[in-house]
Amino acid sequence: MNRRNFMMALPALALSACATPALFKQSQADNIVYYDENAQGFFVTADGKNLVVLGKDYHYVMDDLGNLPLLLKSSLKPRLQASFDYFSVSTKNKVDGYVNLTLTGEVSDTERKSLLDEKFQYDNYPGSWKKTYHAHGTRYSAKGFEMPASIGKFNQPYTIRVAEHHSPGLKRAIILLTPVTLAVDGVLVLGGIVMFPLAVGVLAATH
């Protein structure tokens, strides 16, 4: 058997009765289901502690954001654009997500200093400053939740690729209903804290 045929045969070997323990273990561990979440809105709580992605099927509440909340309160905020390109969900519905921030165009000396202080990196092409934040949180079910008509919709559909991990032999935790509620005055609330739309431009998702 030549090298190419041997490599093509590995997946079949992993499922056969004569597979080695290492190959069998790997085949059991790599159980991932991918789906695309249709995002309906991005919000931050008034205290800056949570970033909330409201999807059609699930809500993702991020509560470990590093220094992202401080940046969203800085003078750079009006020029920032955000994109969400990948979420990973564990069997316990814990979420790891990546938030990419980009600032394009000429910057002042003061803005340059702020970007460098925030560890942004400059990309000569297309001439922009970029930084990726690794955020952590929890996935909740959006069942029964209706997005208020007063909340503006995106100009075009925005999807986020999600990798849902399944561990053989472990029962997936129950997905709790979203903690996001609608106040009498039509304002979205998380745990008693008012939520506001993420006031930065949102770039088209790329997978």
Side-chain angles (χ1 to χ4, degrees), residues 36-55 58-90 94-140 147-148 150-163 179-180 183 187-207:
D36 289 331
E37 181 65 72
N38 295 311
Q40 297 182 310
F42 305 101
F43 296 81
V44 289
T45 52
D47 58 6
K49 293 182 178 180
N50 296 99
L51 172 66
V52 184
V53 178
L54 300 183
Y58 300 103
H59 290 174
Y60 307 83
V61 179
M62 304 299 191
D63 53 15
D64 185 1
L65 308 173
N67 65 340
L68 180 57
L70 293 177
L71 185 61
L72 294 177
K73 294 180 180 180
S74 74
S75 59
L76 296 172
K77 180 179 178 180
R79 299 189 58 188
L80 292 173
Q81 292 182 306
S83 65
F84 304 77
D85 58 0
Y86 180 82
F87 282 176
S88 177
V89 181
S90 73
K94 294 302 178 181
V95 181
D96 283 327
Y98 294 90
V99 183
N100 306 305
L101 292 184
T102 302
L103 189 151
T104 302
E106 298 293 329
V107 297
S108 65
D109 290 341
T110 300
E111 289 175 327
R112 182 184 300 274
K113 183 179 184 306
S114 296
L115 289 166
L116 291 173
D117 288 344
E118 293 294 335
K119 303 298 189 297
F120 273 70
Q121 294 185 343
Y122 185 73
D123 186 352
N124 287 312
Y125 183 81
S128 59
W129 295 82
K130 298 180 179 181
K131 182 176 180 179
T132 297
Y133 288 85
H134 189 186
H136 309 274
T138 304
R139 180 181 69 171
Y140 296 92
M147 180 70 79
S150 58
I151 303 295
K153 296 183 179 181
F154 296 134
N155 294 328
Q156 59 184 2
Y158 193 100
T159 61
I160 300 174
R161 177 58 53 86
V162 181
V180 177
V187 174
L188 293 176
V189 177
L190 175 67
I193 307 297
V194 174
M195 292 167 42
F196 296 99
L198 182 64
V200 299
V202 178
L203 298 173
T206 58
H207 298 145

Which value, rounded to the nearest 0.5 Å, describes the distance between [X] atom [atom1] and [Y] atom [atom2]?
{"X": "Tyr133", "Y": "Leu101", "atom1": "OH", "atom2": "CG", "answer": "6.0 Å"}
{"X": "Leu115", "Y": "Phe120", "atom1": "CG", "atom2": "CZ", "answer": "6.0 Å"}
{"X": "Gln40", "Y": "Met147", "atom1": "CD", "atom2": "CE", "answer": "4.5 Å"}
{"X": "Leu188", "Y": "His59", "atom1": "CG", "atom2": "NE2", "answer": "8.5 Å"}
{"X": "Asp47", "Y": "Ile193", "atom1": "CG", "atom2": "CD1", "answer": "5.0 Å"}
{"X": "Leu76", "Y": "Leu103", "atom1": "CG", "atom2": "CG", "answer": "6.5 Å"}

Heavy atoms only: give me the nearest [X]-[Y] pair and the separation to one decimal.
{"X": "Gly137", "Y": "Asp63", "answer": "CA-OD1, 3.8 Å"}
{"X": "Thr104", "Y": "Ser128", "answer": "OG1-CB, 3.5 Å"}
{"X": "Tyr158", "Y": "Ser83", "answer": "OH-CA, 3.4 Å"}
{"X": "Tyr122", "Y": "Gly127", "answer": "OH-CA, 3.4 Å"}
{"X": "Leu71", "Y": "Lys77", "answer": "O-CB, 4.3 Å"}
{"X": "Met195", "Y": "Val189", "answer": "SD-C, 4.0 Å"}

Exercise. Given Phe84, which of Tyr60, Tyr98, Phe42 fulfils the ring pair (Phe, Tyr, Trp, His ring centres under 6.0 Å) condition?
Worked result: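 The option that passes is Phe42.
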
Exercise. Pairs in or reaching into residues 101-112: which pass salt bridge (charged side-chain N to carboxylate O under 4.0 Å, His left out), with residues at least two apart or in two chains?
Worked result: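 Found Arg79-Glu111.
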
Exercise. Yes or no on side chain to side chain contact (heavy atoms under 4.5 Å, CB included) for Leu116 and Trp129, after CA distance, side-chain angles and deciding distance?
Worked result: CA-CA 9 Å; Leu116 291 173; Trp129 295 82; 3.8 Å; yes

Are any non-hydrogen side-chain atoms of [X] and [Y] less than 4.5 angstrom apart?
{"X": "Val180", "Y": "Leu54", "result": "yes"}
{"X": "Tyr58", "Y": "Glu37", "result": "yes"}
{"X": "Val99", "Y": "Thr132", "result": "no"}
{"X": "Ile160", "Y": "Val53", "result": "yes"}

For this session: For the pair Lys130 and Asn100, evaluate side chain to side chain contact (heavy atoms under 4.5 Å, CB included) and give the outcome as yes or no after the intermediate values.
Result: CA-CA 7 Å; Lys130 298 180 179 181; Asn100 306 305; over 6 Å; no

For this session: Please lay out, stage by stage, how Val162 and Val89 fare under the test side chain to side chain contact (heavy atoms under 4.5 Å, CB included).
Result: CA-CA 7 Å; Val162 181; Val89 181; 3.6 Å; yes

Problem set entry | Step-by-step side chain to side chain contact (heavy atoms under 4.5 Å, CB included) determination, Val61 to Leu190 | CA-CA 9 Å; Val61 179; Leu190 175 67; 3.8 Å; yes

Problem set entry | Side-chain donor or acceptor of Lys131 paired with backbone N/O of Glu118 under 3.5 Å |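 The answer is yes, because a donor-acceptor pair under 3.5 Å joins these two groups.
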
Exercise. Are any side-chain N or O atoms of Thr45 and backbone N or O atoms of Asn50, one a donor and one an acceptor, separated by less than 3.5 Å?
Worked result: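 Yes; judged by distance alone, with no hydrogens or angles, the pair exists.
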
Problem set entry | Any donor-acceptor N or O pair under 3.5 Å, side chains Ser88, Asp96 |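 Their side chains do not contain a donor-acceptor pair, so the 3.5 Å distance test is not met.
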
Exercise. With a cut-off of under 6.0 Å to the ring centre and 45° to the axis, is Arg161 in cation-pi contact with Tyr86?
Worked result: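 Arg161 over Tyr86 ring: no.
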
